[in-house]
Structures are given as C-alpha cells and as structure tokens.
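Numbering of ligands and ligand atoms starts at 1, following listing order. Each residue takes its place number in the sequence, starting with 1.
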Amino acid sequence: MERKVRVRFAPSPTGPLHIGGVRTALYNYLFAKKNGGDFLLRIEDTDQTRYVPGAEEYILESLKWCGLTFDEGVGIGGSFEPYRQSERCKLGIYKKYVDQLLESGHAYYAFDTPEELEAMRERQKIAGSSSQQYDSVTRNTMKNSLTLSAEEVQQKIESGNSYVVRVKIPKNIEIKFKDIIRGWVVVDSSNLDDKVLYKSDEMPTYHMANVVDDYLMKISHVIRGEEWLPSCPLHVLLYQFLGWENVMPEFAHLPLILKPDGNGKLSKRDGDRLGFPVFPIEWKSSEGELFSGYREGGYFPEAVINMLALLGWNPGTEQEMFSLPELIHSFSLEKVGKSGSKFDPEKTKWFNENYLRAKSDVELATLLKPILALNGISSLSDTYLISVCRLMKERATFLKDILEKGTYFFDAPKTYDAETVKKKWKDDSAKIVSDLVLLFSASDFTAANLETTFKKYVEDNGIGFGVAMIAIRLSITGQGGGPQLFEIMEIIGKEESIERLKYAIQNINKESIV
Ligand code: GLU
C-alpha cells in the first residue's frame with residue numbers, strides 16, 4: 001500500500017530562521033501539497049543551552065508571512081500549536097525508547113566528566129590516531145556501563161551522578177541508504193562516534209528525539225538541509241535498532257545556498273554585509289544586533305517564495321514566475337539539484353518588481369496606504385491613490401518606490417532637479433510656462449485635452465516640443481523624468497497644477513543653481 005505522505009519542518013529555536021530554513025519549509029510544504037499529504041511543524045527544543053528567547057515566535061511569524069501553514073499540531077480545532085519536543089519530553093515519550101535501546105544493548109550509560117573526555121582526546125592525539133572520538137575503539141577505556149560493573153552503574157545513577165546515554169555504534173558495518181537527491185549513500189560505521197542520545201537532565205538529544213518523533217508522527221519523507229546528511233547514517237541505525245526499518249522515512253537532503261559569488265555557504269552576516277536580507281523578517285538579537293528582513297525591506301512574500309523555490313529546484317522549463325498553486329503543481333524532489341545554488345539578490349528584486357506589476361491598481365493602492373500613513377499622508381482619496389498606482393507601477397520595484405519616486409503626487413515640489421534646470425531650462429521657459437498657464441486654465445483638465453492644448457500651442461508658436469514639455473514637467477514634478485506628464489496633471493488636478501506652474505515661474509532660475 002502506498003504510504004500517506006507526511007512531512008515535517010523541524011526547526012530548533014536557536015535563533016532566527018535563515019532564508020535557507022524557509023526554503024526547507026517551502027520544499028516540505030510543496031511536496032506535501034503536491035502529494036495530497038500533511039505538513040507538520042515540530043519545534044526541536046530539547047537543547048536548553050541553545051534556546052534563544054523569541055526564536056520560536058519568530059519562526060511562526062515567518063512561516064505565516066510566507067503563507068506556509070501547517071496542517072497538524074497540538075490542540076483541537078483550527079487553533080493548534082506546533083509540536084514541541086520539550087513538552088513531549090515531559091510526557092515521557094522519548095525515555096521509553098532510550099530504555100529499549102539500553103535493554104537491547106544498542107546503547108549504554110556513560111559517566112565521563114568533561115576532563116576525562118578531554119584526556120581521552122589527548123591520549124588519542126599522542127597515539128597518533130586520526131580520530132579522537134568516543135567510539136568502538138575508545139569506549140573500552142572510559143567510564144561507562146560497558147566497563148563498570150552493573151552494581152557500580154546502579155550506584156552511580158542512584159547517587160545522582162550525572163550521566164549520558166550513548167549509542168553503541170557497531171564496528172565495521174556498512175550503513176547504506178538512498179537519498180532522493182543524492183542517490184545511494186554508503187558509510188562505514190567505523191567513521192561514526194557513539195553519539196549522546198539522552199542526558200541525565202531527562203532530555204533526549206536531537207538525534208534521539210528526531211528519530212522517535214519521525215517514527216511516532218508517521219513521517220514518510222525527511223526533507224532537510226545538507227548539513228544533516230552526516231547525521232543520517234546514525235538515524236538509519238537507530239531505525240534498525242528500534243525495529244522500525246520497514247517504516248523508515250525516505251530522505252532528501254537539500255543542497256546548500258551559497259553566497260552570491262559562489263564562495264561558501266550564505267551566512268547570516270552576508271546579507272547586511274552585502275546589502276540584502278537573508279532573513280524573512282527582521283530580527284534583533286539579544287545583544288541588540290539588528291538583521292534586516294525581506295518583509296521590512298518591502299518585499300512581497302510571493303516574490304520571496306518564488307525566488308526560494310527556484311533556488312535549488314529546476315522546473316525543467318523556461319517558466320520563472322510561479323504562484324504558490326503553480327509551484328505545488330510543478331514541484332518534485334527529483335528536480336532538486338545536488339550542487340549548491342548561488343543566492344542572487346538582484347533576481348529577488350526582479351521577482352518583486354514583477355509581482356508588483358501584476359497586482360491590480362486597487363490592490364496596490366490598498367497596500368500603499370499604510371506606507372503613506374507612516375509618512376504622515378492620510379488625506380488622499382482611494383480614487384487618487386489608484387490613479388497614482390496605475391501611473392507609477394511600471395517604475396517601481398517596491399511599493400515604497402511609488403512614494404519615493406513619485407513625491408510630486410504627495411507634495412508640490414519646493415526644489416527642482418539641478419541637472420535638468422541647468423541643461424533644459426531655457427531663457428524662454430518661464431514665458432512658455434506662463435503662456436500655458438493661461439491656456440490650461442481655460443481647458444477642461446483631462447490628459448487628452450491638456451495634450452491637445454499643449455501641442456497646438458507649440459505648433460502655433462514654433463516652439464520646440466521638448467523644451468516646452470520639460471519646462472512643464474519640471475514645474476509640476478520638480479524632476480526631469482517620470483510617467484506621462486498630462487496624466488500626472490489630470491490626477492493632481494487643475495487648481496494644484498496651475499498653482500505649481502505659477503510657483504515655478506517665480507522660482508526656477510539658473511542663477512540659483514550652483
Ligand atoms: N532540528 C533540526 C534543525 O534545526 C532539524 C533537522 C531535521 O530536519 O531533521 O534543523
């Protein structure tokens with residue numbers, strides 16, 4: 001029988017979610033939706049020493065902003081919380097399986113102090129051994145339930161000695177598993193160490209909790225970053241030791257996201273160093289360090305998702321713009337490449353620009369309002385804003401560009417672009433503007449009428465079209481370029497336009513330009 005597809009995104013709340021983590025969540029989500037499966041969120045927070053306050057909230061908010069909703073969690077009805085391993089631990093979920101491993105001889109107690117562990121590494125180094133790990137070679141020289149008597153072990157545990165439970169990795173066996181992206185992976189068990197599975201603070205480590213939960217949650221596919229590939233042989237062994245081989249999930253380890261120049265992994269500091277965000281939303285560390293986010297940078301979540309989807313996955317066609325439903329339709333793990341993908345911040349802007357242009361003027365106006373309000377602009381009508389968006393959207397990459405490049409829609413110019421004045425404001429420019437003030441005042445203020453009036457005036461008076469046009473544009477907008485001038489005038493209206501033209505006649509002059 002085909003297994004129901006169930007995948008999970010399993011972040012540890014050790015800091016903000018890097019854009020690579022968002023991609024992992026996205027690929028899990030797409031794979032689940034494509035296959036009619038479930039997408040779970042599991043917070044892996046058993047390592048209390050690495051817990052960062054606020055990180056879990058950050059993860060939840062980031063996923064919400066990206067529109068990656070999970071299907072299952074703790075609680076009933078629509079309002080469930082993600083699974084949290086720290087809470088599951090209190091229910092004794094993991095201890096049971098640790099005991100099973102201890103009983104079957106696949107795990108053992110170890111009581112070594114940090115100093116004893118260090119001494120072992122030193123000894124190994126001096127002996128010229130290439131590996132200084134706790135493993136089938138060194139375990140016999142250490143303080144553990146394989147070298148101590150059963151009474152000693154019992155006594156140590158009862159007297160409250162701190163201990164760990166380690167996995168007993170068999171010597172020289174071949175561990176083999178198939179990765180959907182990488183094909184067969186074969187590892188010699190001699191390269192693995194006896195990793196800690198459980199600690200006397202009653203907390204399982206990542207490996208133990210991760211495998212037990214994947215089993216209990218009936219996870220069919222583990223899709224995660226390449227950095228977890230080295231842990232996978234241990235996970236495969238744990239499935240075998242616990243007798244769960246027949247329900248072991250399939251694995252897919254995603255390629256790294258590389259710096260834009262391809263030199264190494266994209267790190268959390270690269271973004272602000274190179275001028276682009278590497279986090280979905282802004283993050284302020286407890287030391288007060290601020291990391292910029294895509295949300296605050298004015299990116300649409302659709303653009304970020306589209307960019308991330310193509311960072312490692314190749315649809316096999318020329319198509320670049322994908323909505324979430326289109327991604328779900330086209331996605332497959334088989335089309336995810338093995339090699340790292342270079343991060344391309346310019347491409348993200350390109351996506352944003354395209355998503356912005358694809359939005360209706362009405363939607364853009366709605367989205368623009370809060371940005372305007374932040375800038376103290378709140379008195380403009382919807383109709384006005386819709387028209388502004390219609391004219392400006394072809395010139396904007398971000399919503400804020402509409403405000404920044406189209407300042408003249410929100411305020412009359414007080415200064416005029418110096419370069420344009422110097423080159424294009426001629427001796428007769430003021431006269432042209434005054435003549436047109438009279439003609440425009442008498443005309444019906446639609447773009448078409450204004451254009452006819454303007455054209456007739458320049459033709460009748462043998463004036464250069466360009467000279468006259470730039471004089472009016474400078475007067476109305478303060479700038480040398482922009483969208484269709486008569487459309488701008490129609491939008492800002494007769495009274496305001498005439499006032500600006502009159503003001504310009506008095507205030508634009510070459511002498512004032514330095
Ligand atoms: N907790 C691990 C992380 O932080 C999860 C790795 C996995 O998906 O197995 O990425």
Side-chain angles (χ1 to χ4, degrees), residues 5-32 37-52 54-60 62-63 68 70 72-73 82-89 93-94 167 177 179-182 185 195-198 203-239 242 244 247-257 265-268 278-280 283 308 312 333 336:
V5 166
R6 282 173 62 81
V7 295
R8 83 304 192 271
F9 177 52
S12 296
T14 52
L17 191 61
H18 178 277
I19 205 76
V22 181
R23 186 192 60 171
T24 302
L26 172 66
Y27 285 13
N28 272 285
Y29 175 90
L30 295 176
F31 184 75
D38 300 324
F39 171 60
L40 281 64
L41 178 63
R42 186 172 77 217
I43 305 291
E44 301 207 323
D45 56 353
T46 57
D47 189 350
Q48 299 293 310
T49 58
R50 297 185 63 217
Y51 184 82
V52 172
E56 186 188 316
E57 291 76 5
Y58 178 96
I59 292 167
L60 291 173
S62 300
L63 294 179
L68 304 178
F70 51 99
E72 199 181 286
Y83 293 111
R84 278 186 203 95
Q85 289 185 328
S86 58
E87 285 166 6
R88 293 169 61 74
C89 190
I93 288 177
Y94 309 108
V167 61
F177 61 94
D179 185 283
I180 299 173
I181 296 168
R182 280 144 221 281
V185 178
K195 282 256 174 329
V196 172
L197 300 179
Y198 198 75
M203 281 284 198
T205 58
Y206 154 72
H207 303 289
M208 187 67 198
N210 185 272
V211 167
V212 169
D213 276 344
D214 282 347
Y215 166 73
L216 293 176
M217 293 175 186
K218 298 188 166 53
I219 297 302
S220 63
H221 296 77
V222 166
I223 306 166
R224 61 185 169 195
E226 185 179 278
E227 64 274 27
W228 300 104
L229 188 60
S231 303
C232 205
L234 167 62
H235 298 180
V236 171
L237 276 183
L238 288 175
Y239 277 96
L242 289 160
W244 300 336
V247 286
M248 189 169 82
E250 289 187 51
F251 295 99
H253 289 91
L254 306 174
L256 290 178
I257 297 183
K265 193 177 155 185
L266 182 70
S267 82
K268 68 174 182 184
V278 292
F279 292 104
W283 168 259
L308 282 177
L333 284 173
V336 175

Only one of Val52, Asp45, Leu60 passes side chain to side chain contact (heavy atoms under 4.5 Å, CB included) with Pro13, and that residue is Asp45
Under a 4.0 Å threshold between the charged nitrogen and the carboxylate oxygen, would Arg42 count as salt-bridged to Asp214? yes
Could you list each N/O atom of ligand 1 together with any protein N/O atom closer than 3.5 Å, one pair per line with the distance?
{"from": "ligand 1", "atom 1": "1 (N)", "to": "Ala10", "atom 2": "O", "distance (Å)": "2.8"}
{"from": "ligand 1", "atom 1": "1 (N)", "to": "Ser12", "atom 2": "OG", "distance (Å)": "2.9"}
{"from": "ligand 1", "atom 1": "1 (N)", "to": "Glu44", "atom 2": "OE1", "distance (Å)": "2.6"}
{"from": "ligand 1", "atom 1": "4 (O)", "to": "Ser12", "atom 2": "N", "distance (Å)": "3.3"}
{"from": "ligand 1", "atom 1": "4 (O)", "to": "Ser12", "atom 2": "OG", "distance (Å)": "3.1"}
{"from": "ligand 1", "atom 1": "8 (O)", "to": "Arg8", "atom 2": "NH1", "distance (Å)": "2.7"}
{"from": "ligand 1", "atom 1": "8 (O)", "to": "Arg8", "atom 2": "NH2", "distance (Å)": "3.4"}
{"from": "ligand 1", "atom 1": "9 (O)", "to": "Arg8", "atom 2": "NH2", "distance (Å)": "2.9"}
{"from": "ligand 1", "atom 1": "9 (O)", "to": "Tyr206", "atom 2": "OH", "distance (Å)": "3.0"}
{"from": "ligand 1", "atom 1": "9 (O)", "to": "Asn210", "atom 2": "ND2", "distance (Å)": "3.0"}
{"from": "ligand 1", "atom 1": "9 (O)", "to": "Arg224", "atom 2": "NH1", "distance (Å)": "2.8"}
{"from": "ligand 1", "atom 1": "10 (O)", "to": "Trp228", "atom 2": "NE1", "distance (Å)": "3.2"}

_Walk me through whether His253 and Arg224 qualify under side-chain hydrogen bond (donor to acceptor under 3.5 Å, both in side chains)._
CA-CA 5 Å; His253 289 91; Arg224 61 185 169 195; 3.0 Å; yes
Are the side chains of Met203 and Gln48 in contact, using a 4.5 Å heavy-atom criterion?
yes
- Indicate yes or no: does Arg84 engage Glu44 in a salt bridge with an N to O separation below 4.0 Å. no
The ring-ring contact (aromatic ring centres under 6.0 Å, His included) partners of Tyr94 (sequence neighbours excluded) come to none
